[in-house]
Amino acid sequence: MTLPEVQNAISEKKICVLIPTYNNEKTLKRVIDGVLDYTQNIIVVNDGSTDSTPKILNEYPQISVINLPENKGKGNGLKLGFRKAKELAYNYAITIDSDGQHYPDDIPVFVEALLEENEDILLIGNRNMSQDGIPKKSSFGNRFSNFWFWFETGIKLEDTQSGYRLYPLHKIPKKYFTPKFEFEIEIIVRTAWRHVSVKNVPIKVLYDPAERVSHFRPFKDFTRISILNTILVTITLLYIIPRNFINNFKKKSFKRFIKEDVLESDGSNRTKAFSIALGVFIGFSPFWGFHTLLTISLAVLFKLNKVLAFVASNVSLPPFIPFIIAAALFLGSPFVHGESNILSQEWNFELIKNNLLQYIIGSFILATTMSAISGIATFLFLNKVSPENN
């Protein structure tokens, strides 16, 4: 795209550039000047800087500036910037760091990608993390973040930590729970949960230790990020995956759901059979309260069909639980010299408590047996229905 085309697109799409900054006096002016080549729709959030940042910003009366009296964190600065952008009637915000690692001349990359998609989308700059000068801890942190983002959303990206992004302001969540660096993970995960596409676009990156000032605190911020990912994973397993499953089921007829989401889903017949077997095994196992968490986690770990495994894990429906427990106690009795005449006794928690080892052993015998039977039966059935998927 030519410069006039980029400028026109920025105006028509109502795009602004948001620059959060904290004590980046060495690079701030260069970043602002670079952005001004493309637009004056600039919002700078001065997050309590104690250097010459206020003096630098006074040189740019044509841009919007939010001055905070004290440093509250990048996440807080971005939230305030998004709010200001909405007040000024912008539809999109391109965020660019003020530490000099991002090149303003990559702005057209975001604009062109937005025009090509022709829909509300969240774009994240994809840095070349293998180039010379990139700290190894940054490369590791990015791979770590990419994995958990994929686990939490099902979307595979090459870079999830870049701060150079384009946000659809009317599609991102309105409320957030994190104020610092972990905010940039929270917002992309929760936006993806709202069924907004999240994609990478290629950008350049510069790591100059003589200029760059990083405020990332390795231990504290990595701990905060880890805690956030733990919460997001829990929400994914207990709410997001079941919600998406139910929504897909509601949108389609039962026949179409089985055909598209089960029979024609990714994976060979063998993979689908193992997925059913896994779900059944967990469903009959004694891990009550953790069936969904274990099923989805193991399905992801072994690259099995999560939908099939989740459905199969629900074999232990409430009406059948007494029969499952009775069968487990019966099967476990020969191994611990326990009580085998289960049906003649009063059913209560004391019965299970007094025969806990017997129940656990029997549960695993029952789970293994039913898992093998269901897996073999599923494979034979699918092999007959769709033999081309072997």
Side-chain angles (χ1 to χ4, degrees), residues 146-157 189 192-193 195 197 232-321 323-325 327-328 363-390:
N146 294 347
F147 170 80
W148 288 115
F149 179 75
W150 165 75
F151 188 98
E152 293 151 5
T153 67
I155 301 172
K156 288 187 177 182
L157 296 180
V189 171
W193 285 350
H195 306 295
S197 296
L232 293 176
V233 165
T234 302
I235 295 173
T236 298
L237 295 174
L238 299 182
Y239 173 68
I240 298 300
I241 291 177
R243 179 203 68 179
N244 293 344
F245 174 78
I246 293 172
N247 288 342
N248 286 338
F249 184 80
K250 287 181 177 179
K251 291 177 182 178
K252 304 173 182 178
S253 65
F254 179 76
K255 183 177 180 180
R256 182 184 169 197
F257 177 81
I258 293 297
K259 182 178 180 181
E260 294 182 1
D261 292 72
V262 179
L263 295 180
E264 294 184 3
S265 55
D266 292 338
S268 65
N269 288 343
R270 190 184 300 260
T271 298
K272 294 171 187 174
F274 274 117
S275 302
I276 293 287
L278 170 68
V280 170
F281 179 84
I282 298 298
F284 280 112
S285 68
F287 303 113
W288 301 103
F290 297 94
H291 283 173
T292 298
L293 180 65
L294 286 171
T295 302
I296 301 300
S297 298
L298 291 173
V300 170
L301 178 64
F302 295 113
K303 298 181 180 180
L304 300 176
N305 187 305
K306 296 185 289 294
V307 173
L308 288 176
F310 172 74
V311 172
S313 69
N314 287 280
V315 291
S316 54
L317 295 173
F320 303 119
I321 290 177
F323 301 101
I324 294 173
I325 294 175
S363 290
F364 283 113
I365 295 173
L366 178 64
T368 302
T369 302
M370 297 305 296
S371 174
I373 293 173
S374 60
I376 294 171
T378 299
F379 178 76
L380 294 176
F381 171 75
L382 292 176
N383 196 38
K384 184 175 182 180
V385 172
S386 54
E388 72 278 2
N389 290 335
N390 282 330

*Asks:* State whether the side chain of S371 and the backbone N or O of A277 hold a donor-acceptor pair below 3.5 Å, judged by distance alone.
*Replies:* yes

*Asks:* Distance from L232 atom CG to E152 atom CD, nearest 0.5 Å?
*Replies:* 4.5 Å

*Asks:* Determine the interplanar angle of the F151 and F147 rings, folded into 0 to 90°, and report it as parallel if under 30°, tilted if 30 to 60°, perpendicular if over 60°.
*Replies:* tilted

*Asks:* Measure from the side-chain N and O atoms of W193 to the backbone N and O of T236, and report whether any donor-acceptor pair falls under 3.5 Å.
*Replies:* no

*Asks:* Between S268 and T271, does the side-chain hydrogen bond (donor to acceptor under 3.5 Å, both in side chains) criterion hold? Intermediate values first, please.
*Replies:* CA-CA 5 Å; S268 65; T271 298; 3.2 Å; yes

*Asks:* Looking at CD1 of I324 and OG of S363, how far apart are the two atoms once the value is rounded to the nearest 0.5 Å?
*Replies:* 9.0 Å

*Asks:* Look up atom CG in N305 and atom CD1 in I276, then write down how far apart they are to the nearest 0.5 Å.
*Replies:* 8.0 Å

*Asks:* Please give me the minimum heavy-atom distance between S313 and T295, naming the atom from each residue.
*Replies:* CB-OG1, 3.4 Å

*Asks:* What heavy-atom pair brings L278 and A309 nearest, and what distance separates the two atoms?
*Replies:* CD2-CB, 4.4 Å

*Asks:* State the CG-CZ distance between L304 and R270, to the nearest 0.5 angstrom.
*Replies:* 12.5 Å

*Asks:* How many angstroms lie between OG1 in T369 and CZ in F364, if you round to the nearest 0.5 Å?
*Replies:* 13.0 Å

*Asks:* Is there side-chain contact between N244 and H195, with heavy atoms separated by less than 4.5 Å?
*Replies:* yes

*Asks:* Check step by step if side-chain contact (heavy atoms from CB on, under 4.5 Å) holds for T368 and F281.
*Replies:* CA-CA 6 Å; T368 302; F281 179 84; 3.6 Å; yes

*Asks:* As an exercise, state the distance from OG1 of T153 to CH2 of W148, rounded to the nearest 0.5 Å.
*Replies:* 12.5 Å

*Asks:* Heavy-atom count check: over 12 atoms from other residues, nucleotides or ligands less than 6.0 Å from F274 CZ?
*Replies:* no

